[in-house]
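Okay, structure first, notes after.
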Amino acid sequence: MLTWSSIAQEVPLLSNISSRNNISLNGKWNYIVDPLENGYFDYRLMPFETNGFFENKTFKASELQEYNFATSATMNIPSDWNTKDEKLFFYEGTVWFKKDFKYTKSNNTKGILYFGAINYDAKVYVNGKFVGSHVGGYTPFNFDVTDVLVDGNNFVVVKVDNKRHKDNVPTVNMDWWNYGGITRDVVLSQVPETYIEDYLVQIDKNEKGIVSGWIKLNSTVANQKLTLQIPELKIKKEVITDSNGMAYFKVKAKPILWMPQSPKLYDVTFSKSDENVTDKIGFRTIETKGKEIWLNGKKVFLRGISIHEEAPFRQGRAWSKEDAVTLLTWAKELGCNYVRLAHYPHNETMVREAERMGLMVWSEVPVYWTISWTNTDTYKNAERQLHDMIYRDKNRCAVVIWSIANETPHGNDRDMFLSKLAKYAREQDNTRLISMAMEVTKSPNNVNRLEDNMNQYVDIVSFNQYLGWYRGTNESCKLMQWDIPYNKPVIISEFGGGALQGLHGDKTERWTEEYQEELYKQNTEMFARIDGLAGVSPWILVDFRSPRRQLPGIQDFFNRKGLISDSGIKKKAFYVMKDWYDKKKEEYK
Ligand code: GCU
């Protein structure tokens, strides 16, 4: 999956990118729509060595010119093209993007070109030279482009292809819009020749009263003096790198613990002679005890809501702090202490804002529905996305659950794939809880029974259930019993139903707010009968675009299960859920 080329290469992710010495490449990019990849292949389908759009060639009047970025339209990046150019609303294919930028070269400074995410398949060129490619629409990646940068005027070209493929992750069908483009921040980060690449700082999992972790340099240089500082805890610890460029530390500390009702964060600085990297870090513990989830040694109920990365009001891919604060403020108004960020890793700002606002996070890779379980490249793709999600957010105390899948069909191939992925997640991070959204399989005689072989690989047994919408009626909630034969906490990771905001009628009439309100009333009453229920995340906070929702006048390519409409108006069911959470909050005081 890593693409290595002679002059530039993909390098491990720069942690905490927003704190680095960056040139932002956000803003206007020229773009060329290229449905037949005419800028990449010749007419015999051979990739161009030269003459591709990536060259951004200047032509003489006598030469044949058939593309020109400079006279092409522009689009503000980050964004998805679907909502920025109405000709591209349904478009799935290649769009080329180009951006000019100035750069001042200096000795012992490296240029790292960083993308927050590109959906889905990206090929990146700097000054006409290929620097690398990346697949996966929701995780960051970066390239060391030092050797292709020039002093003064430079340009970057990106070929983005969002076509769906059976063996991709996600696969060809999903219930969300396949927004294509450079959908998150782009920066050129200037770092020293030897730089602080990554770090981890947490409450020690095994030793009370200890904060431990490590600092990693980009190169295997030993005996480099590094300093960890947490001023508010009166910590200033000097450490020395080993032959792997790693420096480990353990310091005595009793930090105020992060919790939703008081989300305490500390300024933590990692430094060396020529570099300082400052992050805001919270400290907490998360564990399960039998059927309970414990935060900081105290039983907690996850009062959640599921959220897609869809921008409030304007739709399209959310990416900004404003988008995050709007969505998370609605979650707080609902009475949440927890959000399920579905069905893929959301942008880093969203996770950091959840942490700042006091919301625990379920973060998920898009191993969604009917993935190609026997394809080894598909598995490597899923594992790479899981790695990058954990790598990016391992210092975010708000993240308490890593989810490896959603609604995947039972079977040996799927069990092999997911059990391997679950073990990998545990290897990458044994300090957080592992889960996945399962499905209720049988309900003989009004007993909903959850049976899933994956129960042994997860810490929390989570499942989606749609009584009153896809199965049964709202009334059938009254009779339903639940049989979950595992001594683990239970989260209902999805329940809900659709309503068009402003459509009113009898509570038995589908798509009315009254129907959705009744569904929430009946479901939340039923939850009292679920032994070991430790959290819920209703589907979903806000109506969101989906190519699977065609009912004219009602859906119009929106999934209407939001508790809030796409224009930000709360539906009646919102208040049912809010009341239930208010009572839960009292119960767990
Ligand atoms: C599924 C799935 C969601 C989907 C929802 C629905 O549970 O996980 O991605 O949007 O149901 O049908 O609305």
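Any value given below was found using the heavy atoms of this structure, including those in side chains, with hydrogens, waters and symmetry copies removed. Counting convention: from 1, in listed order, for ligands and their atoms alike.
When hydrogens are left out, the protein atom nearest atom 4 (C) of ligand 1 is D175 OD2, 3.2 Å; that is the closest non-hydrogen contact. For atom 2 (C) of ligand 1, the closest non-hydrogen atom on the protein side is E494 OE1, 3.4 Å.
Close contacts between ligand 1 and H343 involve ligand atoms 3 (C), 8 (O), 9 (O) [criterion: under 4.0 Å to a heavy atom]. Against a heavy-atom cut-off of under 4.0 Å, N464 is close to the following atoms of ligand 1: 7 (O), 8 (O). For ligand 1, the atoms closer than 4.0 angstrom to any heavy atom of R549 are 6 (C), 12 (O), 13 (O). Each of the following atoms of ligand 1 lies closer than 4.0 Å to a heavy atom of F544: 10 (O). Below 4.0 Å from some heavy atom of E407 lie the following atoms of ligand 1, by number and element: 1 (C), 2 (C), 7 (O), 8 (O). The distance from ligand 1 to the heavy atoms of Y466 drops below 4.0 Å at these ligand atoms: 5 (C), 7 (O), 11 (O). The K561 neighbourhood of ligand 1 comprises atoms 6 (C), 12 (O), 13 (O), with distances under 4.0 Å to a heavy atom of that residue.
Any N or O atom pair closer than 3.5 Å counts here, and H308 shares no such pair with ligand 1.
Although no hydrogens or angles enter the test, the distance criterion places no donor-acceptor pair under 3.5 Å between the side chain of R340 and the main chain of I305.
A salt bridge is absent between K163 and E92: the closest approach of a Lys/Arg side-chain nitrogen to an acidic carboxylate oxygen does not fall below 4.0 angstrom.
Proximity of W469 to ligand 1 is not established, as no heavy-atom distance is less than 4.0 Å. Using a 4.0 Å heavy-atom cutoff, Y470 is listed among the residues neighbouring ligand 1. The closest approach between a heavy atom of R560 and any atom of ligand 1 is not below 4.0 Å.
Exactly one residue among I293, L433, I401 makes a side chain to side chain contact (heavy atoms under 4.5 Å, CB included) with D459. That residue is L433. Test D185, T183, I118 against P78 for side chain to side chain contact (heavy atoms under 4.5 Å, CB included) and you get one pass: D185.
For N406, every heavy-atom contact with ligand 1 shorter than 4.0 Å involves the side chain, none the backbone.
Geometric assessment of K584 against the ring of F301 yields a positive cation-pi assignment under the 6.0 Å and 45° thresholds.
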TODO: For the pair E451 and R449, evaluate salt bridge (Lys or Arg N to Asp or Glu O under 4.0 Å) and give the outcome as yes or no after the intermediate values.
DONE: CA-CA 6 Å; E451 286 173 344; R449 182 170 170 76; 2.5 Å; yes

TODO: Please test W362 against H346 for ring-ring contact (aromatic ring centres under 6.0 Å, His included), starting from the C-alpha separation and ending with a verdict.
DONE: CA-CA 10 Å; W362 157 308; H346 287 214; over 10 Å; no

Task: Evaluation steps, salt bridge (Lys or Arg N to Asp or Glu O under 4.0 Å), between R384 and E10 - done: CA-CA 14 Å; R384 170 75 195 267; E10 183 167 6; 2.6 Å; yes

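A donor and an acceptor atom, one from each side chain of N448 and D483, are nowhere located under 3.5 Å apart.
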